[in-house]
Amino acid sequence: MSAPLWDITALAVDAAVAETPMAVRARAALPEAAVTVLAPGDPLPQAPDGGRALHIKAHPGRFLRPCPATRHYRCCGYQIIHIGENCPMDCSYCILRAYFRDRTLTAFANTEAMFAELGRVFGRDPSRLFRVGTGQFADALALEPITGHTRELLGFLAGHPNVVLELKSKTADLSWMEADPDPKTVLPSWSLNAPVIVAAQERDTASLEARLSAAKACVRAGFRVCLHFDPICWFEGWEREYAATVDMIFDYLAPDDIAYISLGSFRCLPELPGRLMAEGRELPRYMLGEFTIGPDGKTRLLRPLRVRQLRFMARRLAGHGFSRGLYCCMESDEVWRAALGQAPRDLGGLAAHLLSRAHNPGGTRPCS
Ligand code: SF4
């Protein structure tokens, strides 16, 4: 990572949340930042020295949302808690580039309202199991050393053992462990990619080695972990590169340490290449392949190429003894069958299958 607390040089706090624990923690974590308390309608201040601003505010809407899927693809039943917006890292394929035009980071400090909403949903029927994550529009842990958002959330979730929280990140931050959660209720999780993609296309993220070392530390502390290959990119030599990452996983982890692994071929909004070029960036070669527009309106590789990618990854992982917790992200039954030899219905439905692997009642190991 480029800097321990990113390049945040301004902290803007809405007056309504200025005394919340999160705002107090952020001030303490960013002692050098220029702090402004904003009255309603005040403009956000410019961050000095070409840095970024972190805006601490209240979120006025719903916090819990279903993961965006379409009726054409198999949905994994994941729900996302909205904790903030934008990311201090910079991946060329990131969908946030389409949503946010400036570099301001936002964190939502009205956690009491969030917990009231979550308590109503999770507490309605304690026998109903949930699989949730944080950060629909953000990395789950990038701001954790500053906001302590996840530590607060884990404290709340201690009273809701029917909920498993997945923490998906490209950092190696483990400060959330200070909340001392029950390892059965948290799935620390990392996005992985080919070494050449991590090096050239994932600016300011933790190295693959750092991500996998963090995963190993979690396993040693009793957690199972999840891994995500998303996006899998197509470029010359992609098999060799992705094989290297798959092999590296098992230098750090055993198959039973992993609750599940997702596979998703690169897809993007059609305007993403234009956005990158408008920033003066060279188009990455993986964006220059043979694409089509999917039923969700996104650009994606032609189906035979996606099947080749997914099948290759599945076989390489199976060679290391991992197969039962594998799933495809945003693919049809036809692609599932061609790549993995089975469709979600063969697993009893994807959402139910992942829920059972996530919850793993009565043990520290999935039933693989
Ligand atoms: S780490 Fe995730 S949220 Fe952040 S820029 Fe990369 S893809 Fe986007």
Side-chain angles (χ1 to χ4, degrees), residues 1-8 51-55 65 67-68 78 80-108 132-147 149-150 166-176 187-212 214-215 225-233 242 245 261-269 271-273 275-276 278-279 281 283-284 286-287 298-300 329-330:
M1 263 173 264
S2 61
L5 294 176
W6 312 109
D7 52 351
I8 298 168
R52 290 175 187 271
L54 170 60
H55 185 190
R65 303 156 173 215
C67 176
Y78 192 54
I80 305 171
I81 302 169
H82 194 36
I83 58 167
E85 293 175 347
N86 219 341
C87 179
M89 296 174 274
D90 181 357
C91 304
S92 59
Y93 49 75
C94 183
I95 194 163
L96 299 187
R97 182 166 267 108
Y99 298 148
F100 306 114
R101 297 303 174 88
D102 67 24
R103 303 175 73 233
T104 301
L105 305 162
T106 304
F108 301 132
V132 302
T134 46
Q136 181 178 14
F137 297 112
D139 180 278
L141 295 173
L143 297 181
E144 182 60 20
I146 300 168
T147 64
H149 209 305
T150 300
E166 183 176 341
L167 297 171
K168 189 164 154 187
S169 185
K170 286 200 184 88
T171 74
D173 180 73
L174 296 180
S175 60
W176 55 270
L187 288 169
S189 141
W190 282 270
S191 301
L192 303 178
N193 219 304
V196 71
I197 295 289
V198 174
Q201 307 298 336
E202 296 183 352
R203 287 184 188 169
D204 296 336
T205 61
S207 67
L208 280 176
E209 290 80 1
R211 294 178 215 181
L212 288 169
V225 300
C226 303
L227 301 173
H228 300 280
F229 281 96
D230 196 354
I232 304 169
C233 302
Y242 282 99
T245 301
I261 296 180
S262 72
L263 302 175
S265 180
F266 169 67
R267 56 206 177 277
C268 70
L269 294 170
E271 56 267 37
L272 179 70
R275 294 267 165 86
L276 275 173
E279 290 174 21
R281 307 251 301 243
L283 266 195
Y286 72 82
M287 285 191 190
K298 287 188 182 166
T299 303
R300 45 178 43 218
C329 192
M330 299 287 203

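Whatever order the structure lists ligands and atoms in, that order sets their numbers, starting from 1. When a residue number appears, it is its place in the shown sequence, counting from 1.
- Between Lys168 and Asp139 there is no salt bridge, since no side-chain N of the basic residue sits under 4.0 Å from a carboxylate O of the acidic one.
- Among pairs with a residue in residues 88-98, those fulfilling salt bridge (charged side-chain N to carboxylate O under 4.0 Å, His left out) read Asp90-Arg97, Asp90-Arg203, Asp90-Arg281, Arg97-Glu279, at least two apart in sequence or across chains.
- Using modelled atom types, one finds a donor on one side chain and an acceptor on the other under 3.5 Å when comparing His228 with Ser262.
- Protein atoms of type N, O or S found under 2.8 Å from atom 4 (Fe) of ligand 1 total 1.
- Salt bridge annotation for Arg267-Asp230: present, with a cationic side-chain nitrogen under 4.0 angstrom from a carboxylate oxygen.
- Looking only at distances, a side-chain donor or acceptor of Glu144 sits under 3.5 Å from a matching main-chain atom of His149.
- Considering only heavy atoms from C-beta on, Phe266 stays 4.5 Å or farther from Arg300 through its side chain.
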